[in-house]
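What follows is a single structure, written as structure tokens, with notes after it.
Owing to the predicted nature of the structure, the values given are computational and were not obtained by experimental measurement. Just so it is clear: chains get the letters A, B, ... in the order the sequence lines come, proteins before strands, and each one is counted from 1.
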Protein chains: 2
Amino acid sequence: MTVRPPSEQTLELAAFVPFRLNRLATGVSEHLAVVYQRRFGLDIPQWRVMATVGPQQACTAQSIAASTRMHKTRVSRAIAELETRQLVERASSTEDRREREIRLTKAGRRVYGELVPLALAREAALLECLSPEQLCGFLGALETLERYLHLEN
Amino acid sequence: MTVRPPSEQTLELAAFVPFRLNRLATGVSEHLAVVYQRRFGLDIPQWRVMATVGPQQACTAQSIAASTRMHKTRVSRAIAELETRQLVERASSTEDRREREIRLTKAGRRVYGELVPLALAREAALLECLSPEQLCGFLGALETLERYLHLEN
DNA sequence: CACAAATGGTTGCGCGCGCAACCGTATGGA
DNA sequence: TCCATACGGTTGCGCGCGCAACCATTTGTG
């Protein structure tokens with residue numbers, strides 16, 4: 001085995017997993033965007049807030065930022081916009097007056113009720129095109145990599 | 001089986017594959033960023049251009065945009081910056097004077113030669129934490145989903 | 001040949017994001 | 001009790017991006 005200068009090693013971007021992963025994630029996002037964007041006029045941060053708050057839980061901006069891994073300013077602005085559109089409401093917490101409890105309004109729950117089944121159907125359609133072994137390996141790999149990169153929850 | 005109102009269906013974001021995929025792609029990107037960003041001061045578009053142009057090929061901004069799936073303005077600006085940093089050079093094509101042939105400079109090839117092995121090592125480290133079945137299913141799923149979403153090439 | 005349409009590439013503009021600074025509130029230690 | 005520090009959340013600012021418009025050149029059509 002001869003020693004080669006490092007410049008001999010090349011990289012095919014189309015075969016480079018980090019790039020492919022980024023491209024796939026973008027593609028899946030766009031594939032999903034038709035549901036919440038074109039139909040309900042929500043952008044990604046808003047959709048994530050809606051999905052996190054959920055139909056009955058009350059939660060804080062902090063916890064939303066943690067579970068969505070979005071920057072707190074992004075969360076703050078998404079909530080502000082959702083509030084003006086009357087999809088969520090904010091109430092000062094009684095126990096800690098810095099916090100504000102966020103919950104869906106009635107209109108918000110209606111949107112959520114329409115949105116979630118569509119989103120889940122999109123996800124299902126995506127996963128259905130995989131073979132059982134692919135699906136199993138894929139989900140396992142997802143979990144392993146999440147742990148490796150400390151992304152869980 | 002009783003009919004339930006749609007609002008009964010809920011969505012756990014942490015278990016929702018499109019979200020997890022986005023989160024994973026971001027995590028992998030950040031994990032890789034230390035190589036090209038902290039060490040060479042390149043941002044993602046610049047790194048992708050470097051990787052696409054490669055050590056000997058000459059290519060056009062157009063072809064870079066196509067294979068990286070970046071917007072042509074993003075490519076244009078990345079190339080402009082790389083040119084001022086003397087990592088790539090542009091020459092007007094003789095056969096079609098609208099195009100400009102882009103190639104790495106000597107300094108660019110040196111950076112490329114350092115960068116690529118590090119990037120490939122990061123990718124390898126990532127994939128090595130997967131079991132053989134996971135790796136196989138994962139790569140298969142990647143390919144299947146790319147075809148499903150028409151992301152190839 | 002002439003002219004319309006298409007193509008490669010760049011640039012002005014507006015928007016959304018992250019950073020840092022900030023406000024108000026809560027907490028812990030002396 | 002007082003004050004430094006930490007924490008939840010919001011806001012001003014600068015930057016990078018995509019959109020649309022644009023310039024220069026090429027291609028297609030009559």
Side-chain angles (χ1 to χ4, degrees), chain A residues 19 22-23 25-27 29-30 33-34 36-38 41-50 52-53 57-85 88-103, chain B residues 19 22-23 25-27 29-30 33-34 36-38 41-50 52-53 57-85 88-103:
Chain A
F19 170 73
N22 244 297
R23 192 177 57 175
T26 305
S29 279
E30 286 171 1
V34 301
Y36 52 75
Q37 216 166 75
R38 211 165 293 176
L42 301 174
D43 60 20
I44 297 143
Q46 290 164 11
W47 144 252
R48 287 186 183 168
V49 168
M50 293 283 295
T52 305
V53 176
Q57 301 92 339
C59 56
T60 68
Q62 193 85 329
S63 67
I64 296 174
S67 57
T68 60
R69 293 210 139 221
M70 291 195 294
H71 197 273
K72 62 177 181 173
T73 61
R74 209 174 166 193
V75 173
S76 173
R77 289 187 252 252
I79 293 173
E81 176 62 20
L82 287 174
E83 192 180 30
T84 69
R85 294 183 54 186
V88 308
E89 56 192 0
R90 284 188 279 201
S92 302
S93 164
T94 52
E95 55 187 23
D96 187 336
R97 293 171 55 224
R98 294 172 300 181
E99 295 180 352
R100 311 180 70 176
E101 291 179 353
I102 296 151
R103 31 174 77 77
Chain B
F19 169 74
N22 244 298
R23 191 177 58 175
T26 304
S29 278
E30 285 170 3
V34 300
Y36 53 75
Q37 216 167 75
R38 210 164 296 176
L42 301 174
D43 59 19
I44 297 143
Q46 289 163 12
W47 143 253
R48 286 185 182 168
V49 168
M50 293 283 294
T52 305
V53 175
Q57 300 92 341
C59 56
T60 68
Q62 194 83 331
S63 67
I64 296 173
S67 57
T68 59
R69 292 212 140 220
M70 291 195 295
H71 196 273
K72 61 177 181 173
T73 61
R74 209 172 164 195
V75 174
S76 174
R77 289 187 251 250
I79 293 173
E81 176 63 19
L82 288 174
E83 191 179 30
T84 69
R85 294 184 54 187
V88 307
E89 55 191 1
R90 285 188 277 201
S92 303
S93 164
T94 51
E95 54 187 25
D96 186 337
R97 294 172 53 225
R98 293 171 302 182
E99 294 181 352
R100 312 179 69 175
E101 291 179 354
I102 297 152
R103 29 174 78 77

Item to check | Closest approach of A:I102 to A:V53 (non-hydrogen atoms, all atoms of both residues) | outcome: O-CG1, 3.8 Å

Checklist entry - Is the distance from OP1 or OP2 of C:dG18 to the nearest side-chain N or O of A:R69 less than 4.0 Å? => result no

Checklist entry - Whole-Å distance between C:dG18 P and B:E30 CD? => result 10 Å

Next on the checklist: Under 4.0 Å from OP1 or OP2 of D:dT10: is there any side-chain N or O of A:R100 that close?
Outcome noted: yes

Next on the checklist: Just the rounded figure in Å: distance from P of D:dT10 to CD1 of A:I64.
Outcome noted: 10 Å

Next on the checklist: Would you say that B:N22 contacts A:R69 through its side chain, given a criterion of any heavy-atom pair below 4.5 Å between the two side chains?
Outcome noted: no

Checklist entry - A:R48 CZ to C:dG16 P: how many Å, rounded? => result 16 Å

Checklist entry - Is any side-chain N or O of A:R77 closer than 4.0 Å to OP1 or OP2 of D:dG12? => result no

Checklist entry - Are A:S76 and D:dT10 close enough that a side-chain N or O sits under 4.0 Å from OP1 or OP2? => result yes

Next on the checklist: Evaluate B:E101 against B:S93 for side chain to side chain contact (heavy atoms under 4.5 Å, CB included), listing each step before the verdict.
Outcome noted: CA-CA 6 Å; B:E101 291 179 354; B:S93 164; 4.1 Å; yes

Item to check | Integer-rounded Å distance: D:dC17 P and B:M70 CE | outcome: 9 Å

Checklist outcome for this item: Rounded to whole Å, the CG-P distance (B:N22 to C:dC17) equals 13 Å

Checklist outcome for this item: By nearest-nucleotide position on DNA chain C, the 5'-leaning member of A:R74 and A:D96 is A:R74

Item to check | Whole-Å distance separating the CD1 atom of B:I102 from the C1' atom of C:dG9 | outcome: 10 Å

Checklist entry - A:M50 and A:L42: which non-hydrogen atoms are nearest, and at how many Å? => result CG-CD1, 4.3 Å

Checklist entry - Among D:dT10, C:dG9, D:dC7, which nucleotide sits nearest the side chain of A:Q62? => result D:dC7

Checklist entry - For B:H71 and C:dG14, what is the distance between atoms NE2 and P respectively, to the nearest whole Å? => result 18 Å

Next on the checklist: Using the side-chain contact (heavy atoms from CB on, under 4.5 Å) definition, which of the options A:V75, A:I79, A:T73 pairs with A:R77?
Outcome noted: A:T73

Item to check | Under 4.0 angstrom between A:T73 side-chain N/O and C:dC17 OP1 or OP2 | outcome: no

Item to check | Spacing between A:E99 atom CD and D:dA6 atom C1', to the nearest angstrom | outcome: 14 Å

Checklist entry - Ignoring hydrogens and angles, are the base of C:dT7 and the side chain of B:R98 linked by a donor-acceptor pair under 3.5 Å? => result yes

